[in-house]
Amino acid sequence: MTGWRSQWRLVLLNSLTCGLEICVAAGITYVPPLLLEAGVEEQYMTMVLGIGPVLGLLFIPLIGSASDQCNSSYGRRRPFIWLLSLGVLLALFIIPHADVLAANLSWGSTRRNQALQVGLLILGVGLLDFCGQVCFTPLEALLSDLYRERDDCGQAFAMFSFMVSLGGCIGYLLPALDWSGGLLSFYLGGQAECLFSLLILIFVVSVLVTMKVSEEPSSTLEPVLLEPGGCIPRSCCYLFQCKLRALKSGPLMCLLRTCWSMTPAIYRSYCHVPRVMRQLCLAQLCSWMGVMSFMLFYTDFVGEGLYEGVPSAAPGTILRQRYDEGIRMGSLGLFLQCATSTLFSLVMSRLVHLFGSRVVYLSSMVCFTFSALVICLSKSVLLVTAMSALTGFAYATLQTLPYTLTCHYHKEKEVYMQNSKTKKAHTNGFTIARDSVCLTLDNGPGDLNHKSDISNGHVSYSRDEPEYYPPLHQNGAALGLESEDFEKRGVGLDFAILDSTFLLSQVFPTLFMGMIVQFTESVTAYIASSAIFSAIGIYFATHIIFDQKDLRS
């Protein structure tokens, strides 16, 4: 996949990825002040921000697997993208207008007005975070459907990571700009209304561009075949049946019907994960916990740890000014992290081609662990900011390589998706194990055949071909070797599991980091915990199956 046309198509295809990240980053950044102004206490504000990830953990496997089974005329992935995009648009409208909506619905009651405003804000925040995060799953599956070759898939997800990082840069910068002095703000009503109107415009354009560029194979209704001289039947019953069939094949009905019918099977498949995916997800979870622990609490660490400010100090005091200055410097560090991630995303395919996926993955996590340790030990603002920028390498890697590996696993299911358990079968006095010999019993107990050569009545077996495992049969039946059937397992479900590790990595720090910092009485525990999680992630990353050589070992 070379040439500027292919690269430009990838940019357009990932425009919704960029638009989603802009809206989520800018919206979630601007939400805490709105919640505090509405009267939500700070201890409950973090719980509100955790609603979206928790809901995502529950529904991502359902949506991912249902998109694998959907047979809509609009494609498998696009109906889910449309529905989740509508949720994002609704949230972008509710959040800045929560006070106006509450005033119109409270009928003059001040107490009811405040309660409604808080409720609408919580609804908008949860909807934005949930739909925004979950929508990435069908987008990733759409990329996998369109780019199946390993090199093409690697470039597609490198561009995906680039657009996510670019969207993060823009999303973090937009709330920092002053929109209240412009002419647009005068007509729209203020800073929040102007910002969210701009986000709606960006998001609508990105949705339309991606939906226009993406072309999924559609399942259309069978045409009516006419005999020579025949005519199309015009009876009311026939037209009613045609309309009913069209309605059933529509995107919304297909989405609802698939989700309802697939729910039990989805969660069974969610619990029975192939070994290669278990190892990948475990490493991904620990790595993301390190990265997200860093990103969620880095600004607070800089404000309290480096600048020695106090967030609870009175406005205008020296301690509060130090903290605010530290927050701004911490925001600069996160912006540089996104910028570095953007640069590494551009060269990720070339790095993988030169050094291999294993070296790139492990080196990125080693760099992240080293950077976190330096940040823990250093008091230099310049050095800490430089190390925070270096962490963008790990962020770009985690957005790219796991999804590329998953595409590779599904392309060669017969190699990677086999069950590793081996059970011995006893028949006719023989003990047959999959690890030792592969036999087929065709005609009876005395007729033993093998794929390789047979000499002097003995079965020969070559260990030079460890990847060859023919099935064991006796009269067409399996000889007791049980292996789970992963042939019908869709890539959308495994992408959903990967995205669940990302969401779970956000839930854990928000629940336990406060207690850890309270116990240690130091905000350095934020970054130290991040370094510990990433070190554990390095250990589990050494067990990831990157190619067939890892299966042999």
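On a predicted model such as this, the values are computed, not experimentally measured, just so you know. The figures here come from the full heavy-atom set of this structure, side chains too, leaving out hydrogens, waters and symmetry mates.
Side-chain contact between M277 and L498 is present, with heavy atoms from C-beta onward closer than 4.5 Å. Counting heavy atoms from C-beta outward, S85 and L16 have side chains that approach closer than 4.5 Å. At a threshold of 4.5 Å between non-hydrogen side-chain atoms, the residues F370 and M387 count as touching. Using a 4.5 Å heavy-atom threshold, the side chains of Q399 and F160 count as touching. For the pair C23 and L92, the minimum side-chain heavy-atom distance is below 4.5 Å. E21 is not listed as a side-chain neighbour of I170, based on a closest heavy-atom distance of 4.5 Å or more. In this structure, I545 and Y409 have side chains that are in contact, with non-hydrogen atoms separated by less than 4.5 Å. Residues V125 and I51 have side chains not in contact (no heavy-atom distance under 4.5 Å, counting atoms from C-beta outward).
Distance check: L346 CG to Q7 CD gives 9.5 Å after rounding to the nearest 0.5 Å. Within the model, atoms OG1 of T400 and CZ of F162 stand 12.0 Å from one another, a figure rounded to the nearest 0.5 Å. Note that CG of L401 is 11.0 Å distant from OG of S287, once rounded to the nearest 0.5 Å. Rounding to the nearest 0.5 Å places CE of M159 at 10.5 Å from OG of S6. Atom-to-atom distance recorded for L143:CG and C407:SG is 8.5 Å, nearest 0.5 angstrom. Interatomic distance, CE of M365 versus OG1 of T391, reported as 10.5 Å (0.5 Å rounding).
Of all heavy-atom pairs spanning R358 and T542, the tightest one is NH1-O, 3.4 Å. Of all heavy-atom pairs spanning G333 and Y298, the tightest one is CA-CE2, 4.1 Å. The shortest non-hydrogen separation linking I327 to T299 is CD1-O, 3.5 Å. In plain terms, the two heavy atoms of F130 and G56 that are nearest each other are CD1-N, 3.6 Å. Of all heavy-atom pairs spanning D129 and V24, the tightest one is OD1-CG1, 4.5 Å. Taking each heavy atom of A339 and C169 in turn, the nearest pair found is N-SG, 3.6 Å.
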| request: Go through W288 and Y395 one step at a time and tell me if the ring-ring contact (aromatic ring centres under 6.0 Å, His included) criterion holds. | output: CA-CA 8 Å; W288 269 126; Y395 188 80; 5.7 Å; yes
| request: Check the pair D494 / T406 against side-chain hydrogen bond (donor to acceptor under 3.5 Å, both in side chains), numbers first and verdict last. | output: CA-CA 7 Å; D494 286 330; T406 303; over 6 Å; no
| request: Assess whether side-chain hydrogen bond (donor to acceptor under 3.5 Å, both in side chains) is satisfied between S345 and S161, documenting all intermediate values. | output: CA-CA 6 Å; S345 299; S161 176; 2.8 Å; yes
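Atom CG of L354 is surrounded by more than 12 heavy atoms from other residues, nucleotides or ligands within 6.0 Å.
Using cut-offs of 30° and 60° for the angle between ring planes, the Y403 and F157 rings count as parallel.
With H97 contributing its side chain and F93 its backbone, the two residues share a donor-acceptor pair below 3.5 Å. The backbone N or O of A531 lies less than 3.5 Å from a partner atom in the side chain of S534, making a donor-acceptor pair. Remark: side-chain polar atoms of H543 are paired, donor with acceptor, to backbone N or O of Y539 under 3.5 angstrom. Listed for the R78 side chain is a donor-acceptor partner under 3.5 Å among the backbone atoms of S214. Between the S67 side chain and the R76 main chain, no donor and acceptor come within less than 3.5 Å of each other. At least one donor-acceptor pair closer than 3.5 Å links the side chain of S15 to the backbone N or O of S206.
Remark: aromatic rings of F368 and F393 are distant, center separation not under 6.0 Å.
Side-chain contact annotation: S341 with S165, donor-acceptor N/O pair under 3.5 Å present.
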